[in-house]
*Asks:* 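The structure that follows is given in the form of structure tokens.
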Amino acid sequence: MEELPKIYDPKTVEKKIYDMWMEKGYFHAKRDPKKKPFTIVIPPPNVTGQLHLGHALDETIQDILIRYKRMKGYAALWVPGYDHAGIATQIKVEEILREQEGKTRFDLGREKFLERVWDWKNKYGDRIVTQLKTLGSSCDWDRQRFTMDEGCSKAVREVFCSLYEKGLIYRGKRIINWCPHCTTALSDAEVEYVEKPGHLWHLRYPLSDGSGEVVVATTRPETMLGDTGVAVNPNDERYTNIVGKTCILPLVGREIPIVADDYVDMEFGTGCVKMTPCHDPNDFEVGLRHNLEQVLVIDGEGKIINGGKYNGMDRYEARAAILKDLEEQGYLVKVEDLSHNVGTCYRCHSDVEPVASDQWFVKMAPLAKEAIRVVEDGEIKFVPDRFSKVYLNWMNNVRDWCISRQLWWGHQIPAWYCQDCGHITVSREDPTECEHCHSKNIKRDPDVLDTWFSSALWPFSALGWPDKTEDLDYFYPTDVLVTGYDIIFFWVARMIFSGMEHMKEKPFSTVLLHGLVRDPQGKKMSKSAGNGVDPIEIIEKYGADALRFNLITGNSPGNDTRFYVERCEAMRNFANKIWNASRFVMMNLTITENKLPDKLELPDKWVLSKLNTLAKEVNENIDSYEIGVAAQKIYDFIWDTFCDWYIELSKPRLSEGDENAQHVLLYVLTEILKLLHPFMPFITEEIYDAIPHSGEALIVENYPEYDDKLDFTQQERDFEIVMDAIGALRSRRADMNVPPSRKAKVIVLTDKQEIFKNSQIYIMRLAGASEVAVDSFDSSHDTDGMVTVITPSAKLMMPMAELVDLAKERERIEKELSKNRGFLASQEKKLSNENFVSRAPEAVVNAEREKAEKLRALISNLEETLANLK
RNA sequence: GGGAGUUUAGCUCAGCUGGUUAGAGCGCCUGCCUUACAAGCAGGAGGUCACAGGUUCGAGCCCUGUAACUCCCACCA
């Protein structure tokens with residue numbers, strides 16, 4: 001057998017292993033009627049994107065679940081794909097165009113520009129795919145999808161048309177959020193509110209009849225150019241006399257009415273509100289109720305229009321100019337500081353402008369009904385559960401979804417406007433004439449759909465819908481959706497109502513949410529802050545396995561986590577630990593078959609029993625999505641149980657040529673590799689390949705589960721008696737600074753003589769004993785010059801005369817005695833409590849009794865030792 | 001204005017439906033290159049589980065209240 005290097009080098013291994021998996025087609029899920037399907041669709045990363053730690057966490061969780069289920073015998077399908085990311089991609093290509101050619105998209109025209117985007121997508125679109133592969137993601141690459149591929153486009157068109165036919169998509173004029181930088185409408189979900197310091201300017205609007213004035217307050221004075229009214233509360237006695245009058249809009253000179261509307265809060269400001277129907281959602285509504293004129297004063301790029309001398313100015317430039325003029329002309333009453341929430345674009349973070357505009361909307365109320373029911377009824381579960389409240393709250397208050405975007409990159413809206421009769425033709429096939437008047441003079445809506453419109457269909461469009469595919473039939477609904485809590489509204493909510501509406505079935509059963517990966521200070525990682533960590537660099541340095549393990553341990557579902565590079569180091573060390581443990585096993589192997597021997601020693605039964613418990617718990621933990629807990633348990637077992645104890649225990653046996661020890665080592669190691677494989681796929685597969693094995697590859701081995709045949713609970717406890725003794729001896733030797741090289745005879749007085757007699761070699765090896773003599777408790781031994789160590793089951797003596805200080809020894813034992821007497825007292829108090837004994841479960845009471853027994857034994861051992869100490 | 005989360009060792013965090021004397025990684029102290037691993041081994045220090053009440057035989061975990069920090073939603077010009 002080839003000698004493995006001392007240090008594990010992930011770089012050379014990971015690529016080789018991944019290529020092997022690909023070549024063998026292990027990631028490809030076959031529809032097998034004998035198997036149960038398990039399906040995950042990937043949250044499609046942006047085609048413009050670079051892998052960041054958030055993706056890495058997301059993908060790792062999914063890969064763990066998929067690999068686990070695959071090993072459990074499911075037809076486990078993980079559908080990969082990416083998202084066309086309308087705004088982000090268009091901006092990216094526009095940027096390149098500007099930088100390289102000094103052109104805008106309008107210079108090229110729609111068709112040529114889109115060619116450029118496709119070129120760009122074809123060139124760089126697979127970068128994110130390559131990066132996913134370095135993480136070890138076992139996606140079914142044969143089924144890779146793109147939100148703008150033919151199938152997804154067909155799905156989008158079908159959904160648009162069908163919703164339109166049902167009256168659930170409509171076109172109308174509403175106040176929408178407009179991003180002047182991205183020059184497109186946004187949905188409500190795409191606006192992030194940021195608290196910013198601002199001002200409240202109080203302006204004087206003189207009454208037309210010269211009988212006085214009203215004072216209004218505003219945070220956005222530039223919108224006054226679009227004012228077409230002033231509103232007061234109908235119950236506000238201060239103003240009843242002016243309702244119905246008009247006032248003169250300063251700077252503009254327009255005569256505008258004063259109306260009464262409940263919307264106005266009498267307590268706030270002056271109780272008079274300027275009405276700008278085109279630039280404020282509330283004003284828009286008030287305007288409709290009172291028939292106020294609509295004057296649009298800010299254009300798509302945030303510049304002033306219909307504003308006389310201010311035309312062409314940027315909105316902030318205009319604000320300054322208007323304020324200056326207002327002040328000079330005596331219309332500015334006062335200025336107050338006011339911190340207020342400003343809507344910003346979630347893509348570019350520019351301030352969004354509320355603008356009245358004709359857009360397409362999805363009518364949400366009817367769709368929300370089923371989406372609410374399916375979560376309330378528990379058909380879809382959120383993990384952690386608290387997010388179902390967040391979801392339901394949003395869905396219960398959801399407003400219509402603005403889905404049109406003034407972009408070129410995306411799914412163009414399948415609506416044609418008749419230039420003659422004005423009818424809108426919406427169709428699955430491109431029409432050649434108006435369906436109403438048959439005019440050929442029709443023009444297609446230039447806008448595209450919100451990127452999230454296509455993502456909303458992902459769980460079924462990625463499986464082939466609207467065609468009736470076998471994949472759809474077999475794999476839908478999917479099982480788990482893994483994503484960050486930050487896109488519940490953008491994506492999760494919309495997938496749920498889309499699935500219910502178009503499939504009449506939930507898109508997934510469980511939504512597993514994780515938190516954000518933050519920097520060591522707890523700040524959000526971002527390009528602009530420069531605190532981002534590139535997962536690819538981490539993988540190169542520490543390996544994908546270490547990164548994966550780092551990301552999924554030490555945090556729990558739905559909670560944010562901080563990323564420490566040092567933790568990667570710790571996880572790399574763990575990988576190296578496994579590597580070396582495996583090296584040790586291999587170096588000592590003369591056997592070639594992996595099977596448990598008939599004759600098992602006590603430590604064998606101990607380790608197998610621990611392994612059995614581990615397998616049981618890991619299955620339970622993963623099944624309930626506690627994957628961090630599962631990982632931690634495997635880590636502890638490998639490092640503590642297997643390496644620090646079992647391997648050490650096996651050494652004296654191996655040197656005696658005990659093949660049974662080899663068999664148990666190989667068996668346990670193999671089971672560990674299986675258990676760990678979903679978490680650390682590369683190193684486990686590499687080791688599996690190097691040790692004797694019967695399976696084809698680890699990735700398709702059976703995942704370990706609880707095994708009745710390995711139930712050695714009693715032997716596990718028996719051996720822990722020996723471990724207690726070893727621990728006590730070690731601790732005592734360390735106290736006295738005895739170097740490991742100095743061996744000493746150990747005399748064990750115990751009523752468990754058989755256990756200790758069978759364990760002499762282990763005590764010698766692990767506790768620095770030159771020889772071990774076992775005798776009964778009541779046998780007499782000279783304690784002169786003996787160092788005594790007490791455990792509940794044994795009195796252990798080492799002749800180390802020169803190290804013994806009688807006074808100190810007394811003191812030590814007395815201290816230990818009083819400590820344990822204290823414990824026993826509290827224990828006995830608990831046991832003498834009627835309520836405890838009668839109400840606590842029997843197992844708990846028995847455990848407590850046993851504990852008390854042990855303490856009594858320990859105390860009597862200590863007392864006896866103290867009495868003999870002369 | 002409404003809702004949620006967090007508060008556990010020096011730091012960052014686990015702690016699964018309430019059940020010993022509360023754990024991990026990193027850091028710290030002591031001793032070891034014991035032929036798998038110094039990216040390691042052995043031993044150790046360090047916590048009144050934010051605070052105040054309550055329920056319970058038993059509370060880090062459940063209930064009530066308080067405080068601090070964080071986030072989400074709504075949005076009053």
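Here is how names work: the chains are called A, B, and so on, in the same order as the sequence lines, proteins then strands, and each is numbered from 1. Hydrogens, waters and symmetry mates are skipped; everything else that's a heavy atom, side chains included, is used. Please read these numbers as outputs of a predicted model, since none were measured by experiment.
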*Asks:* Checking D560(A) against Y485(A): is there a side-chain donor and acceptor pair closer than 3.5 Å?
*Replies:*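 Y485(A) vs D560(A): donor-acceptor pair found between side chains.
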*Asks:* Quantified in whole Å, what is the P atom distance between nucleotide rU70(B) and nucleotide rC13(B)?
*Replies:*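 Comparing P positions in rU70(B) and rC13(B) gives a spacing of 14 Å.
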*Asks:* Looking only at atom P, what distance separates rU8(B) and rA14(B), rounded to whole Å?
*Replies:*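 To the nearest whole Å, 11 Å.
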*Asks:* Check whether F584(A) forms a cation-pi arrangement with K651(A) (NZ or CZ under 6.0 Å from the six-membered ring centre, at most 45° off the ring normal).
*Replies:*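 Yes, a cation-pi geometry.
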*Asks:* Watson-Crick or G-U wobble partner for rA68(B), using a 3.5 Å limit on both distances?
*Replies:*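 Pairing partner: rU6(B).
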*Asks:* Within this structure, what is the CD-to-P distance between E336(A) and rA77(B), rounded to whole angstrom?
*Replies:*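 That distance rounds to 12 Å.
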*Asks:* Can you figure out which of rG40(B), rG19(B), rA4(B) approaches the side chain of V844(A) most closely?
*Replies:*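 Looking only at side-chain atoms, V844(A) lies closest to rG19(B).
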*Asks:* Which base, if any, makes a Watson-Crick or G-U wobble pair with rU55(B), both distances under 3.5 Å?
*Replies:*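 Across any shown strand, rU55(B) pairs with none.
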*Asks:* Taking the nucleotide of RNA chain B with the nearest heavy atom to each, does R567(A) or V738(A) sit closer to the 5' end?
*Replies:*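 Looking at the nearest nucleotide for each, R567(A) comes out on the 5' side.
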*Asks:* Stacking between Y564(A) and rC26(B), defined as ring centres under 5.5 angstrom apart with planes under 30°, is that present or not?
*Replies:*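 No, Y564(A) does not stack on the base of rC26(B), since the centre distance and plane angle fail the 5.5 Å and 30° test.
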*Asks:* Strictly below 4.0 Å: does R562(A) bring a side-chain N or O up to OP1 or OP2 of rC13(B)?
*Replies:*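 Affirmative; the distance criterion is met.
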*Asks:* Is there, by distance only and without an angle test, a donor paired with an acceptor across the side chain of R572(A) and the base of rA39(B) below 3.5 Å?
*Replies:*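 Per atom types, the contact qualifies.
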*Asks:* Does NZ belonging to K633(A) count more than 12 external heavy atoms closer than 6.0 Å?
*Replies:*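 Yes, enclosed.
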*Asks:* Of all the choices, rG15(B), rG5(B), rA77(B), which nucleotide is nearest to the side chain of Y263(A) once you look at every atom?
*Replies:*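 Closest of the options to the side chain of Y263(A): rA77(B).
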*Asks:* Using the P atom in both, what is the distance from rG18(B) to rG2(B), to the nearest Å?
*Replies:*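 Each nucleotide's P atom is 32 Å from the other's.
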*Asks:* Would the distance check show the side chain of R733(A) and the main-chain N or O of R742(A) forming a donor-acceptor pair, the cut-off being under 3.5 Å?
*Replies:*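 Judged by distance alone, yes, a pair lies under 3.5 Å.
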*Asks:* Give the rounded distance in Å between these two atoms: CZ of R733(A) and C1' of rU34(B).
*Replies:*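 So the CZ-C1' distance, R733(A) to rU34(B), works out to 11 Å.
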*Asks:* Determine which nucleotide pairs with rU30(B), using a 3.5 Å limit on both distances of a Watson-Crick or G-U wobble pair.
*Replies:*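 Paired with rU30(B), as far as the under-3.5 Å criterion goes, is rA42(B).
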*Asks:* To the nearest Å, how far apart are E566(A) CD and rU12(B) C1'?
*Replies:*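 To the nearest whole Å, that distance equals 10 Å.
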*Asks:* Can you tell me how far P of rC37(B) sits from CD1 of I578(A), to the nearest Å?
*Replies:*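 So the two atoms are 16 Å apart, to the nearest Å.
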*Asks:* Roughly how many Å is it from CD1 in I622(A) to C1' in rC16(B), rounded to a whole number?
*Replies:*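 Going from CD1 in I622(A) over to C1' in rC16(B) covers 13 Å.
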*Asks:* If rC11(B) has a Watson-Crick or G-U wobble mate with both distances under 3.5 Å, name it; if not, just say none.
*Replies:*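 Paired with rG25(B).
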*Asks:* Expressed in whole Å, how much space separates the C1' atoms belonging to rG23(B) and rA39(B)?
*Replies:*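 After rounding to an integer number of Å, I get 23 Å for this pair.
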*Asks:* Under a 3.5 Å limit for both distances, which nucleotide forms a Watson-Crick or G-U wobble pair with rU48(B), could you say?
*Replies:*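 None - no nucleotide pairs with rU48(B), as no candidate has both distances under 3.5 Å.
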*Asks:* Kindly point out which of rU20(B), rC75(B), rU21(B) is positioned nearest to the side chain of K851(A)?
*Replies:*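 So the side chain of K851(A) is nearest to rU20(B).
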*Asks:* Given that T270(A) and W394(A) both sit by RNA chain B, which one's nearest nucleotide is further toward the 5' end?
*Replies:*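 So the residue in question is W394(A).
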*Asks:* Searching all strands shown, indicate the nucleotide that pairs with rC61(B) (Watson-Crick or G-U wobble; both distances under 3.5 Å).
*Replies:*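 Pairing partner, where one exists within any strand: none, as none qualifies.
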*Asks:* Determine the interatomic distance between P on rG60(B) and the same-named atom on rA52(B); round to the nearest Å.
*Replies:*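 So the two P atoms sit 14 Å from each other.
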*Asks:* Tell me whether the OP1 or OP2 atom of rG19(B) has a side-chain N or O from K830(A) closer than 4.0 Å.
*Replies:*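 So the side-chain polar atoms of K830(A) never come under 4.0 Å of the phosphate oxygens OP1 or OP2 of rG19(B).
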*Asks:* Just to confirm, is there a sub-4.0 Å distance from OP1 or OP2 of rG19(B) to any side-chain nitrogen or oxygen of R849(A)?
*Replies:*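 Negative; the distance criterion is not met.
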*Asks:* Choose from rG25(B), rA39(B), rG5(B) the nucleotide whose nearest atom is closest to any side-chain atom of N559(A).
*Replies:*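 For the N559(A) side chain, the nearest candidate turns out to be rG5(B).
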*Asks:* Expressed as a whole number of angstroms, how long is the span from D385(A):CG to rU17(B):P?
*Replies:*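 Going from D385(A) (CG) to rU17(B) (P), I get 12 Å.
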*Asks:* Determine whether any donor atom in the side chain of N555(A) lies under 3.5 Å from an acceptor atom in the base of rC13(B), or the reverse, and answer yes or no.
*Replies:*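 Between rC13(B) and N555(A), which were checked side chain against base, a qualifying N/O pair under 3.5 Å is absent.
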*Asks:* Which one, rU21(B), rC26(B), rA39(B), comes nearest to the side chain of A570(A)?
*Replies:*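 Output: rC26(B).
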*Asks:* Kindly say if K577(A) contacts the phosphate of rC41(B), meaning a side-chain N or O under 4.0 Å from OP1 or OP2.
*Replies:*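 So the side chain of K577(A) is within the cut-off, an N or O lying under 4.0 Å from OP1 or OP2 of rC41(B).
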*Asks:* Counting distance alone, no hydrogens or angles: does the base of rC37(B) have a donor or acceptor under 3.5 Å from a partner atom on the side chain of N576(A)?
*Replies:*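 Side chain to base: no pair present.
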*Asks:* With a 4.0 Å cut-off on heavy atoms, is D644(A) in touch with a base, just the backbone sugar-phosphate, or nothing at all?
*Replies:*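 Sugar-phosphate only.
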*Asks:* Would you say K6(A) reaches rA38(B)'s phosphate, i.e. side-chain N/O to OP1/OP2 under 4.0 Å?
*Replies:*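 So the side-chain polar atoms of K6(A) do come within 4.0 Å of the phosphate oxygens OP1 or OP2 of rA38(B), strictly under.
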*Asks:* Think N737(A) has a side-chain N or O under 4.0 angstrom from the OP1 or OP2 of rU30(B)?
*Replies:*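 Checking N737(A) against rU30(B): no side-chain N or O falls below 4.0 Å of OP1 or OP2.
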*Asks:* Near K11(A) NZ, under 6.0 Å, is it more than 12 heavy atoms from other residues, nucleotides or ligands?
*Replies:*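 12 or below, so no.
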*Asks:* Could you tell me if D227(A) and Y205(A) have a donor-acceptor pair between their side chains, going purely by distance under 3.5 Å?
*Replies:*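 There is such a pair (donor and acceptor under 3.5 Å, judged by atom type) between the side chains of Y205(A) and D227(A).
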*Asks:* Given the P atoms of rU17(B) and rG54(B), what is the spacing between them in whole Å?
*Replies:*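 To the nearest whole Å, 26 Å.
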*Asks:* Charged N to carboxylate O under 4.0 angstrom, D351(A) versus K196(A)?
*Replies:*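 Salt bridge present between D351(A) and K196(A).
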*Asks:* Parallel, tilted or perpendicular, judged at 30° and 60°: which one describes the rings of W394(A) and F489(A)?
*Replies:*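 Judged by the thresholds at 30° and 60°, the geometry between W394(A) and F489(A) is parallel.
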*Asks:* So what does C643(A) touch, heavy atoms closer than 4.0 Å: a base, only the sugar-phosphate, or nothing?
*Replies:*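 Result for C643(A) = base.
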*Asks:* For the ring pair F490(A) and Y346(A), is the centre-to-centre distance below 6.0 Å?
*Replies:*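 So the answer is yes for these two rings.
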*Asks:* Looking only at the side chains, is there a donor atom on one of E569(A) and N573(A) sitting less than 3.5 Å from an acceptor on the other?
*Replies:*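 No, no side-chain donor-acceptor contact under 3.5 Å.
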*Asks:* Can you figure out which of rA77(B), rA39(B), rC37(B) approaches the side chain of N580(A) most closely?
*Replies:*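 Output: rC37(B).
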*Asks:* With both distances under 3.5 angstrom, what nucleotide forms a Watson-Crick or G-U wobble pair with rG1(B)?
*Replies:*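 Result: rC73(B).
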*Asks:* Please report the distance separating the C1' of rC62(B) from the corresponding atom of rC49(B), rounded so that it comes out in whole Å.
*Replies:*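 That atom pair is separated by 16 Å.
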*Asks:* Among the nucleotides rU20(B), rU21(B), rG25(B), which one has an atom lying closest to any side-chain atom of L855(A)?
*Replies:*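 The nucleotide sitting nearest to the side chain is rU21(B).
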*Asks:* Any side-chain N or O of T553(A) under 4.0 Å from OP1/OP2 of rA14(B)?
*Replies:*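 So the side-chain polar atoms of T553(A) never come under 4.0 Å of the phosphate oxygens OP1 or OP2 of rA14(B).
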*Asks:* Could you please name the option among rA36(B), rA24(B), rG19(B) that lies closest to any side-chain atom of F836(A)?
*Replies:*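 For F836(A), the side-chain atoms sit closest to rG19(B).
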*Asks:* With a 4.0 Å limit, can you tell me whether S556(A) has a side-chain N or O closer than that to the phosphate oxygens OP1/OP2 of rA14(B)?
*Replies:*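 So the side-chain polar atoms of S556(A) do come within 4.0 Å of the phosphate oxygens OP1 or OP2 of rA14(B), strictly under.
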*Asks:* Distance check needed: rA36(B) P versus L589(A) CG, whole Å only.
*Replies:*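 Computing the L589(A):CG to rA36(B):P distance gives 14 Å.
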*Asks:* With respect to the side chain of E648(A), which nucleotide from rC16(B), rC37(B), rA77(B) is positioned closest?
*Replies:*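 Within the option list, the nearest is rC37(B).
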*Asks:* Please report, rounded to the nearest Å, how far the C1' atom of rC72(B) is from the CG atom of N397(A).
*Replies:*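 One finds 13 Å between C1' of rC72(B) and CG of N397(A), rounded.
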*Asks:* Closer than 4.0 Å, any side-chain N/O of N396(A) to the OP1 or OP2 of rC73(B)?
*Replies:*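 No.
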*Asks:* V273(A) has a side chain; which of rC37(B), rA4(B), rA77(B) sits nearest to it?
*Replies:*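 Ranking rC37(B), rA4(B), rA77(B) by closest atom to the V273(A) side chain puts rA77(B) first.
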*Asks:* Taking atom C1' in both rA68(B) and rA50(B), compute the distance separating them and give it to the nearest angstrom.
*Replies:*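 That atom pair is separated by 8 Å.
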*Asks:* Do any side-chain nitrogens or oxygens of W639(A) fall under 4.0 Å of OP1 or OP2 in rC37(B)?
*Replies:*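 Checking W639(A) against rC37(B): no side-chain N or O falls below 4.0 Å of OP1 or OP2.
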*Asks:* For Y485(A), which contact category applies under a 4.0 Å heavy-atom criterion: base, sugar-phosphate, or nothing?
*Replies:*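 Counting heavy atoms under 4.0 Å across all strands, no contact is made by Y485(A).
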